[in-house]
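Residue numbers start from 1 in every chain, and the chains themselves are labelled A, B, ... in the order their sequence lines are given, proteins ahead of strands. Just so it is clear, the structure is predicted and the values come from calculations on it, not from any experiment.
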Number of protein chains: 2
Amino acid sequence: MGLDRQLRPATQSDVAREVGVSRTLVSFAFRDAPGVSGGTKQAIFDAAKRLGYRPNAAAADLARKHRSAVGLYLMDIHNEVYADILSGVRMALPQARNRLILSVSQSIDGVDAGAVDSLIEARVGIIIAATLLDPDERVQELAQIVPIVSVARPVPGVDSVYSDDEAGARAATEHLLSLGHTRIAHLGGPDYDGHTVRRRSYEKTMRGAGMVPRTVPADDFTQDAGMRAAVEILDSADRPTGIFAHNDQFALAAREAAYARGLAIPGDLSLVGYDNSRTGRLHGIELTSVDLHAMELGNIAGTVAMDRLNDPEAPVADERLTPELVVRNSTAPAAM
Amino acid sequence: MGLDRQLRPATQSDVAREVGVSRTLVSFAFRDAPGVSGGTKQAIFDAAKRLGYRPNAAAADLARKHRSAVGLYLMDIHNEVYADILSGVRMALPQARNRLILSVSQSIDGVDAGAVDSLIEARVGIIIAATLLDPDERVQELAQIVPIVSVARPVPGVDSVYSDDEAGARAATEHLLSLGHTRIAHLGGPDYDGHTVRRRSYEKTMRGAGMVPRTVPADDFTQDAGMRAAVEILDSADRPTGIFAHNDQFALAAREAAYARGLAIPGDLSLVGYDNSRTGRLHGIELTSVDLHAMELGNIAGTVAMDRLNDPEAPVADERLTPELVVRNSTAPAAM
DNA sequence: ATGAAAGCGCTAACAG
DNA sequence: CTGTTAGCGCTTTCAT
């Protein structure tokens, strides 16, 4: 037994015919444009209801030469940060802008090729892109085709909403230093354009304190890659007593690897993450982490996107939020 | 300084004019339909590249009287289960179907009203809906307007892909019973149509074992609501020694509440969740949980959606997966 | 307050 | 192999 097949969906013409008016009136009525008498309006709504008419947003966009959909590119929906950004963006979008077309990076290594293309072909009015991996020039190129709001990473000449990673990484590193750690490793992300700020800030801070930095980058942003890098750090001859990880996901991978080796946290190893994810707050995890306020980031990005849509000529936005180190129990003074 | 304003995006006509052929050829070339000579094709692609032409998927859909976009409704993107479902769905969609329009329940209590509407107005070809809160009849109504695939909940007469909650909840409850627990409470979800299976299975299993069930439902699916219900359970006069939670999120809320009260897990309280989330696998959390294979659920849902699109007359799909209890360290024998 | 007509960017017969 | 023509569902002047 199959499904009841829906008939061809009702169109404006159907409604117009039913009521005995022109399509124009129906169009006006549905966008409550001025110039439709109360009676007619009512009759139109009644008929529409009866016929199950639903406006076709795509056709409307086409006619209006105007794109109402918002495109959202996310690198990895499994990372809480991106889910938070999504929530923030949603909150910022007005009811009328509720066509959010999502594109999540498909490939493991996070090449964005097709992902962004599909948003362009869907003719979104603007793309909010979180953690694009493409180099700056490529993003700038794309921005010629469709307005882009870069989230969590500044791109010169492109609307950007991000967190001060330099400060965040410095705070994280200094925290470990202040606890007396000298051998502090950085479990870094892969080195994409625009995503090396945390690493460099860590290295700079270490050198500034007279320590020698040691970065072990993960091959990509997956959990497995994080684990591999963590293992490399923990199994090395000169095991550090502190690790600053590029994000909480990597920090938690390091945590697992540590426990698997019988290392206690923070007894044998102090651990700092980045993101302040919910998981890190759980009893027994209590991960010291840098909060980049992802939801706020998303929210502001959504607002910036709306502004850009309303005024293409407005100055390029450059919103930098200040992150915040949240100290919990995964860090402790270095043993003597 | 503003943004470089993009000129009106190039259209097929522009390309055609540039090359000196008709729009038809351009149209054919881009969908590599047969009947375009190699030379012409090349010339068209070159010109398109030069002009920065991108096909307009919305216009194509309109002309083709055919909807290529897929709508995805998710209740709460912060819950790992939904992120997994999304990943699964994405994996199932062919390259050409990569217009995934997302709609996440906005309101706290999860009323789906506007969410699904926006998908309909976006004229998606099919809606994959995870954990719709609407009653069966409403879903069936919607399915008349646009094909729907219900994920994680069976709806009669509508394509459904779900996990056997009855079996999962039974396994969870029996696990606690077999450990000798007698006072086992259920930290339940809110009682929406189609989402009471776990509770009922728990209650039935309890009664079958001669125990008296005790369900404390959360007001909604938010973390806060879960916490409130958890607190109610733990602060009650007759505190249970085992809790079976509707999902991992609730279980983790109960865990926090327990620790806040100085209760040890599993020493003073055995805890079973549902979802087998990554968080539950972490050292020190080690939550016993029922795995409903969310990603597979999403993947199958995507496949079912494609099938439905290809054959509207195919029999209604009813895919029920078997969940699996994963025992970890949050459960232990009841104290004597 | 209402309607006629043109057009948005694209596809799909149908002709040549 | 290539072009002509007629829409898809909707918006938008411009008349009436």
**Request:** Starting from C1' on C:dC10, measure out to CD on B:Q12 and report it in whole angstrom.
**Result:** 5 Å

**Prompt:** Where the side chain of A:R308 meets the backbone of A:D311, is there a donor-acceptor pair that is under 3.5 Å apart?
**Reply:** yes

**Derivation and outcome, salt bridge (charged side-chain N to carboxylate O under 4.0 Å, His left out), residues B:D136 and B:R153** = CA-CA 10 Å; B:D136 283 0; B:R153 159 185 173 196; 2.6 Å; yes

**Item:** Per B:R31 side chain, nearest of listed nucleotides D:dG3, C:dT11, C:dC10
**Value:** C:dT11

**Item:** Pair B:S13, B:R17: side-chain N/O donor-acceptor within cut-off below 3.5 Å
**Value:** no

**Asked** Are B:S22 and D:dG3 close enough that a side-chain N or O sits under 4.0 Å from OP1 or OP2?
**Response** yes

**Prompt:** Rounded to whole angstroms, how far apart are CZ on A:F30 and P on D:dT11?
**Reply:** 10 Å

**Fill in**
Here the distance between atom P of D:dT11 and atom CD of B:E121, to the nearest Å, is 11 Å

**Asked** Rounded to the nearest Å, what distance is computed from the CG atom of residue B:D14 to the P atom of nucleotide C:dG9?
**Response** 8 Å

**Message:** Just N and O in the side chain of B:S27: are any of them under 4.0 Å from OP1 or OP2 of C:dT11?
**Reply:** yes

**Check: B:S150 side chain, B:S160 main-chain N or O, donor-acceptor pair, under 3.5 Å** = no

**Request:** Give the rounded distance in Å between these two atoms: CZ of A:R17 and P of D:dG9.
**Result:** 11 Å

**Message:** Under 4.0 Å, heavy atoms only, any strand: does A:V26 hit a base, just the sugar-phosphate, or nothing?
**Reply:** nothing

**Request:** Check the pair A:L86 / A:I77 against side-chain contact (heavy atoms from CB on, under 4.5 Å), numbers first and verdict last.
**Result:** CA-CA 9 Å; A:L86 194 164; A:I77 197 62; 4.1 Å; yes

**Asked** Contacts to DNA chain D from residues 35-65 of chain B, heavy-atom cutoff under 4.0 Å, which residues?
**Response** B:G35, B:S37, B:T40, B:L62, B:A63, B:K65

**Item:** Whether B:Y192 and B:F221 hold their rings parallel, tilted or perpendicular, with breakpoints at 30° and 60°
**Value:** parallel

**Request:** Select base, sugar-phosphate, or nothing to describe what B:T24 touches, counting heavy atoms under 4.0 Å on all strands.
**Result:** base

**Message:** Once hydrogens and angles are ignored, does a donor-acceptor distance under 3.5 Å link the base of D:dT11 to the side chain of A:R23?
**Reply:** yes

**Message:** Using modelled atom types and a 3.5 Å cut-off, is there a donor and acceptor pairing between side-chain atoms of B:R123 and backbone atoms of A:P55?
**Reply:** yes

